Colleague: 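Please find one structure pasted underneath; my questions will follow.
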Amino acid sequence: MSKLRPLHDRVVIRRSEEEKKTPGGIVLPGSVAEKANHGVIVAAGPGKTLENGDVRALAVKVGDKVVFGPYSGSNTVKVDGEDLLVMAENEILAVLED
């Protein structure tokens with residue numbers, strides 16, 4: 001299996017499954033179903049390099065369930081047949097906590 005190592009303040013996210021049903025129970029065909037705006041971080045870079053050369057660690061970590069905007073993560077890569085999103089930490093809106 002290939003390993004994707006993001007640089008700087010980037011993270012790699014496995015998008016959650018698309019919603020196949022509306023809250024009212026109507027089943028949506030694949031072409032109409034909205035892409036999920038949440039997923040799990042599967043890899044994270046070391047952090048953002050500041051102007052003075054220090055590295056600020058990321059506020060998120062591998063395994064965190066995160067929410068991102070509908071237009072975030074426009075960089076999709078295919079690794080071992082799986083589509084993954086690569087985005088900057090600042091595109092993440094929130095961490096879902098149990």
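Sequence positions, counted from 1, serve as the residue numbers for this chain. None of the values given here were measured: they were computed from a predicted structure. Excluded from the calculations below are hydrogen atoms, water molecules and symmetry mates; all remaining heavy atoms, backbone and side chain alike, are included.
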Colleague: Quick one, His8 and Thr49 - any side-chain contact, counting heavy atoms below 4.5 Å?
Modeller: yes
Colleague: Taking all heavy atoms of Ala43 and all of Ile41, pick out the closest pair and write down the distance.
Modeller: O-CG2, 3.4 Å
Colleague: Salt bridge (Lys or Arg N to Asp or Glu O under 4.0 Å) with Asp64: which residues, sequence neighbours excluded?
Modeller: Lys61
Colleague: For Asn52, enumerate each residue passing the side-chain hydrogen bond (donor to acceptor under 3.5 Å, both in side chains) test, keeping only those at least two apart in sequence or located in another chain.
Modeller: Asp54
Colleague: Examine distances only and state if a side-chain atom of Glu82 and a backbone atom of Val79 form a donor-acceptor pair shorter than 3.5 Å.
Modeller: no
Colleague: Val86 pairs by side-chain contact (heavy atoms from CB on, under 4.5 Å) with which of Leu7, Leu4, Thr76, Ile13?
Modeller: Leu4
Colleague: In the hydrophobic cluster built from side-chain contacts under 4.5 Å, what are the other members alongside Leu96?
Modeller: Val67
Colleague: Look up atom CG in Asp80 and atom NZ in Lys3, then write down how far apart they are to the nearest 0.5 Å.
Modeller: 13.0 Å
Colleague: Find out whether Asn75 and Met87 are in side-chain contact, i.e. whether some heavy atom of one side chain is under 4.5 Å from a heavy atom of the other.
Modeller: no
Colleague: Could you measure the distance from the NE2 atom of His38 to the CZ atom of Arg15? Nearest 0.5 Å is fine.
Modeller: 9.5 Å
Colleague: Say whether Leu58 and Leu84 are linked into one hydrophobic cluster, either directly or through other cluster members, by side-chain heavy-atom distances under 4.5 angstrom.
Modeller: no
Colleague: Should Val11 and Pro6 count as side-chain neighbours, where that means a heavy-atom distance under 4.5 Å?
Modeller: no
Colleague: I'd like to know whether Lys48 forms a salt bridge (Lys or Arg N to Asp or Glu O under 4.0 Å) with Glu89, so could you lay out the CA-CA distance, the side-chain angles of the two residues, the decisive distance to 0.1 Å, and finally the verdict.
Modeller: CA-CA 9 Å; Lys48 183 174 180 101; Glu89 179 190 30; over 6 Å; no
Colleague: Indicate yes or no: at least one non-hydrogen side-chain atom of Val62 is less than 4.5 angstrom from one of Val42.
Modeller: no
Colleague: Could you see if Val40 belongs to whatever hydrophobic cluster contains Val60? Use Ile, Leu, Val, Met, Phe, Trp, Tyr and a side-chain cutoff under 4.5 Å.
Modeller: no
Colleague: What closest approach, in Å, do Leu93 and Phe68 show between heavy atoms, and which atom pair accounts for it?
Modeller: CD1-C, 3.8 Å
